Amino acid sequence: MDSQTSQSSQSSQAPQTPHTFQVDLRGLVDLLSHHLYSSPKVYLRELLQNAVDAITARRSLEPGAPARVRLYAASDGGAALRVEDSGVGLTEQDVHSLLATIGRSSKRAEGLQEARSDFLGQFGIGLLACFVVAERIRVVSRSAREPGAPPVEWTASDDGSYTVRTLPDSARTEPGTTVHLVARPGAAQWLAPERVRALARDFGSLLPYDVQVDGEAVTDLPAPWDRPYPSPAARRVALAGHCRELFGFTPLDSIGLDVPLAGIRGVAYVLPAAVSPAQRATHRVHLKGMLLTERAEQLLPDWAFFVRCVLDTDSLRPTASRESLYEDETLAAVREALGERIRSWLTGLAAGDPERLAAFLAVHHLGVKSLARHDGEMLRTMLPWLPFETTDGQLSLEEFAQRHPVVHFTRTVEEYRQVAPIASAQGVGVVNGGYTYDSELVEALPSVRPGTVVAELDADTVTAHLDAVDPAEELALSGFLAAARAKLDPLGCDVVLRAFHPLSVPALHLDDRAARHEQARAEAEERADDLWAGILGSLRGSAPRARLVLNHLNPLIRRISSLRDAELIGTATESLYGQALLMAQRPLRPADSALLNRAFIGLLEWATHGEDGHR
C-alpha cells in the first residue's frame, strides 16, 4: 500500500507536458463580426490605423520620413482593395512574430514601448479585423529598421493558413507596407470604390498624415474648430455648416471645447429643438485624428443633453473594439472639464449676450434648470432669465420675488390649476412648481436670494385668504349647507361657504396631497377583504378632507341656496362639484364620472318636468 502511495505521489509530481491553445480563425472572425464590432466597416479603420501607426513608428526613427497612405479600390468590380503606406515596414521575423500571432502588437516591439502613446492601436488585433470582409489577405512589406533586409510577403486565408516568403528587392524598393484584400463571398460591397471613399473620409478626415483614395484627398486639416476665421460671426457660420454636414441640423450656437490639459479639441453644437432629458446624447469622438465612435454616450454630464459634440482627443482610453470609451478616472475628469466649458458658455451669454441666451432658454430651459438645482452659482446667474409659470404670467423667479413678499408655490400642476385663478384674484402670488425641477428651484431660492420667504400653498392657505360669510347669513343657509354636505360626504368632500373673487366662479374644489392620500386609502379599504380592510382602517388618520368652496358672491350660488327641495339641492350640489373638478382639470375617478352623469340627467329631468304639467 505504501509503495503504491509513493508511486502515485511521484507520478503526480512528474513534469507535465504543456499544451498550446488552438485558435479557430473562422470562429474568431465570426465572434469579432457579431459581438465585438458593430459593423464590418471597421475593417477600413483597422487598415488606416495600422498604416498611421507604421508611419508614426518610422518617424520616431527618421523624423523627416514621408507620411503617405494610399488606398486603391478595384473599379472593375473585382472586389479587391490595395492599401499602401510609407511606414516602418516589417522584416520576415516581424511577419512571423506580429502578423501570425493573434494578440501581439508591434506597439510592444523593442524600442517602441516608450512611444506607445503616439499610436492609435492598443490591442494588437490588427489585420485580423480584415477577415470580417476578406477571404484572403496579402501583405508585402520592407523594413526601415533593417534597410538591408529583403521585402517579405505574407499571404493568409480565412481558414487560418498562411505562407511567408522573401521577395527580390525590385518587389518593393522603399520602406513601407502594401496590403491587398480580396473580398469574401457576400462582402464585395464593403470594398466598392464609393464605400471605401466614404469610409476613409469618415474615419480619417482628421488624421495628421496625407491620406488619399484613388488620388482623392481624404484628410481635411486643420479641423473646422481649429481654423482661423476673420470674425466670431464668420466662425459661427462656418461651424453651423459643419454641424449641418455632420449631424444634419443647424445649431442654435456652437461652444468651443478646447481643454489642453485633457488633450481635448473640439466643438459642441446646441440643438435647435428641445429633447427629452432621458434621451441619451451621442457624440463623435476622434482618437488622435481617427474616428473612434459616433455614438459616445458618457462624454458629457447628464444635464448637458442639449448639445452634440465632435472632438479629437489623445488622452481617452478606447475599449477593445475601439468603438467606445472606457469608463475610468480620465473619462470622468474629461466629462467634468467639458461640463465646465458648457457652464462657462452659459454664464458668458448671461453676462454679455442676453438675446442669444433668451433664444436658447426658450428651447432648452429644462437643461439649465437641471444644472441650476445642483449648482448655486448657476442658479444665481440664471435667476433673472429662467422662465416659470406664475399667476402673474411667465416670469423669472427674481422678478416674481420682487413683486411678492411671500413666494407661494404648488408641487403639482393640478394643485396650481385649482388655486391659480382664485389666488390671483386675492392678490396671492403662486408659482407652478409642478413641472420638472421647478419646485426644487423655488425651494432653493432663499439660498441665493437671502431674505426671500418661500411657502408651499395648500388648501388651508387658500381657504384662509377667502373672506368669511357673515355668521347670520351662513346660519340662515344652514339647511342648504347640511343637505349639500350630506350629498358629498360619501365622496370624502366637505362643503364650506366663502366670499371671493372672481364673481364668475361659483365653486372651487380644493384638496392637497394628504387629502388625496386619505381618499385613496378609503377607496382601497372599500375594495379590500376583511383582513386588508382592517389594516387600511387602522391607517386612517386625521388627514384633511377635500372641500368644495361655494362662492356666496356668485348669483347662481345665491339662487341655489334658496332652494327648498332637498333632492334638487343634492343634484345642484353634485353639478357644482363636477364642474369644479373639470375647472381644476383634475383626472376624474369612476365615482366622479358617475356623479357627473347622474347630475346632468337629474338637471335635465328637473328642467323638463314642468312640460308635463307637474312642475
Side-chain angles (χ1 to χ4, degrees), residues 391 415 417-428 430 457-512 515 544-586 588 591-612 614-615:
T391 48
E415 289 173 353
R417 288 170 178 165
Q418 280 182 358
V419 304
I422 307 304
S424 179
Q426 309 304 312
V428 179
V430 184
L457 190 67
D458 55 22
D460 289 333
T461 305
V462 175
T463 306
H465 279 82
L466 306 181
D467 295 333
V469 177
D470 181 85
E473 293 187 47
E474 187 167 359
L475 181 61
L477 299 176
S478 59
F480 162 75
L481 292 174
R485 286 166 181 153
K487 196 65 176 178
L488 295 187
D489 184 68
L491 297 173
C493 183
D494 290 333
V495 177
V496 297
L497 189 66
R498 293 289 187 272
F500 56 86
H501 293 273
L503 299 181
S504 59
V505 177
L508 177 67
H509 180 271
L510 293 176
D511 64 1
D512 52 23
R545 286 153 56 95
R547 66 200 70 176
L548 181 68
V549 184
L550 303 179
N551 187 359
H552 188 53
L553 301 180
N554 180 267
L556 177 62
I557 294 299
R558 286 184 174 273
R559 289 197 296 271
I560 292 175
S561 62
S562 65
L563 295 173
R564 294 293 177 263
D565 186 333
E567 184 178 347
L568 185 54
I569 290 175
T571 299
T573 302
E574 288 182 331
S575 300
L576 290 169
Y577 174 82
Q579 188 262 355
L581 285 179
L582 294 174
M583 289 295 293
Q585 300 182 45
R586 290 290 306 280
L588 299 180
D592 297 329
S593 299
L595 175 145
L596 277 171
N597 289 330
R598 185 170 64 247
F600 179 70
I601 297 299
L603 289 176
L604 283 179
E605 289 179 346
W606 179 81
T608 58
H609 188 59
E611 296 181 2
D612 297 331
H614 301 292
R615 185 172 173 180

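Each residue takes its place number in the sequence, starting with 1. Given the structure is predicted, the values throughout are model-derived calculations rather than measurements.
- Put simply, the side chain of N551 gets close to the backbone of F500: a donor and an acceptor are under 3.5 Å apart.
- Residues S575 and A599 approach most closely at OG-CB, 3.3 Å, considering heavy atoms.
- When all heavy atoms are compared, the tightest approach of T391 to V428 is OG1-O, 3.8 Å.
- Counting all heavy atoms, side chain and backbone alike, A484 lies closest to I569 at N-CG2, 4.3 Å.
- Nearest heavy-atom pair across L576 and L548 is O-CD1, 4.2 Å.
- Judged by distance alone, with hydrogens and angles left aside, the side-chain atoms of S424 form no donor-acceptor pair with the main-chain N or O of A420 at under 3.5 Å.
- Other residues, nucleotides and ligands contribute at most 12 non-hydrogen atoms within 6.0 Å of the CD atom of E567.
- Looking at E474 and L481, their side chains come closer than 4.5 Å, going by heavy atoms from C-beta outward.
- For the pair W606/L568, a side-chain contact is recorded, criterion being any heavy-atom separation below 4.5 Å from C-beta on.
- Note that SG of C493 is 8.0 Å distant from CG of L581, once rounded to the nearest 0.5 Å.
- In this structure the side chain of R558 reaches within 4.5 angstrom of the side chain of H552, judged on heavy atoms.
- With values rounded to the nearest 0.5 angstrom, T571 atom OG1 is found 9.5 Å from L595 atom CG.
- Residues G578 and L596 share a closest heavy-atom pair of CA-CD2, 3.3 Å.
- When atom types are taken as modelled, the side chain of R547 and the backbone of H509 share no donor-acceptor pair closer than 3.5 angstrom.
- Taken from CG in N554 to CG in L508, the straight-line distance is 12.0 Å, to the nearest 0.5 Å.
- Nearest approach of I557 to P506, heavy atoms of both residues: CG1-O, 3.3 Å.
- Between L497 and F480, the closest side-chain pair of non-hydrogen atoms is not below 4.5 Å.
- With hydrogens and angles disregarded, a donor-acceptor distance shorter than 3.5 Å links the side chain of R485 to the backbone of V495.
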